[in-house]
Each structure stands twice: as C-alpha cells, then as structure tokens.
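Along the sequence shown, residues are numbered consecutively beginning with 1.
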Amino acid sequence: TTELIHRVAYHECDLQQIAHTATYLRYMQEAAFAATAAAGFSEDAFTAMRRVWLIREHQIDFFLPLRYN
C-alpha cells in the first residue's frame, strides 16, 4: 500500500479555495507514480522498458471538495 500526502496549494484552487477538477487527476497520477516506484518501477525502469503512463479514461466521484491547505 502506498500513501500520498499532499497539502492543497493556493494555485491549485479556484476563487472559493476549492481544488480545480484537473488537480484531482494530477493527484491520482502522482499517487500512481509513487506506487509503481515503491514496487520497484522507477522512471528509469519505465524508460528502459520503453513504456509510459497513459490515461485513456477516468471517472472521479466527488464526495467532498478538496480545499486550500
């Protein structure tokens, strides 16, 4: 199990200090990279295998908004 802890930055938010929708996707991408690195697949390993991450489709269910800080 990999856990990614991130504090929502001001520049990731709208005027109501709620994280932009696209920010959630970036958080998920960062968590995926952290999980694969923890499993032994670093960026160098992906380069050596000639592989890249590709998000073809996503669905995010928002239960509560992420807010600044």
### Task
Take Val8 and Tyr27 through the side chain to side chain contact (heavy atoms under 4.5 Å, CB included) test and state the conclusion after the steps.
CA-CA 10 Å; Val8 179; Tyr27 291 164; 3.7 Å; yes
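Summarising the geometry of Cys13 relative to Ala19, their closest heavy-atom pair is SG-N, 4.0 Å, with the distance given to 0.1 Å. The two residues Ala45 and Gly40 make their nearest non-hydrogen contact at CB-O, 4.4 Å.
For Arg67, the salt bridge (Lys or Arg N to Asp or Glu O under 4.0 Å) criterion is met by no residue, not counting sequence neighbours. With sequence neighbours left out, Glu3 forms a side-chain contact (heavy atoms from CB on, under 4.5 Å) with Ile5. Not counting sequence neighbours, the partners of Arg7 by the side-chain hydrogen bond (donor to acceptor under 3.5 Å, both in side chains) test are Asn69. Partners of Phe46 under the side-chain contact (heavy atoms from CB on, under 4.5 Å) rule, at least two apart in sequence or in another chain, are Thr36, Phe41, Met49, Arg51, Trp53.
Between Tyr68 and Tyr10, the two ring planes are perpendicular [angle over 60°; tilted spans 30° to 60°].
The backbone N or O of Leu66 sits less than 3.5 Å from a side-chain atom of Tyr24, completing a donor-acceptor pair.
Applying the salt bridge (Lys or Arg N to Asp or Glu O under 4.0 Å) definition to pairs two or more places apart or across chains, those involving residues 24-48 are Glu12-Arg26, Arg26-Glu30.
Rounding to the nearest 0.5 Å places OG1 of Thr21 at 8.5 Å from CG of Asp14. Atoms CG and NE2, on Leu25 and His20 in that order, are 14.5 Å from each other to the nearest 0.5 Å.
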Expected list for residues 56-64: side-chain donor-acceptor pairs under 3.5 angstrom, two or more places apart:
| residue | atom | partner | partner atom | Å |
| --- | --- | --- | --- | --- |
| Gln59 | NE2 | Asp61 | OD1 | 3.4 |

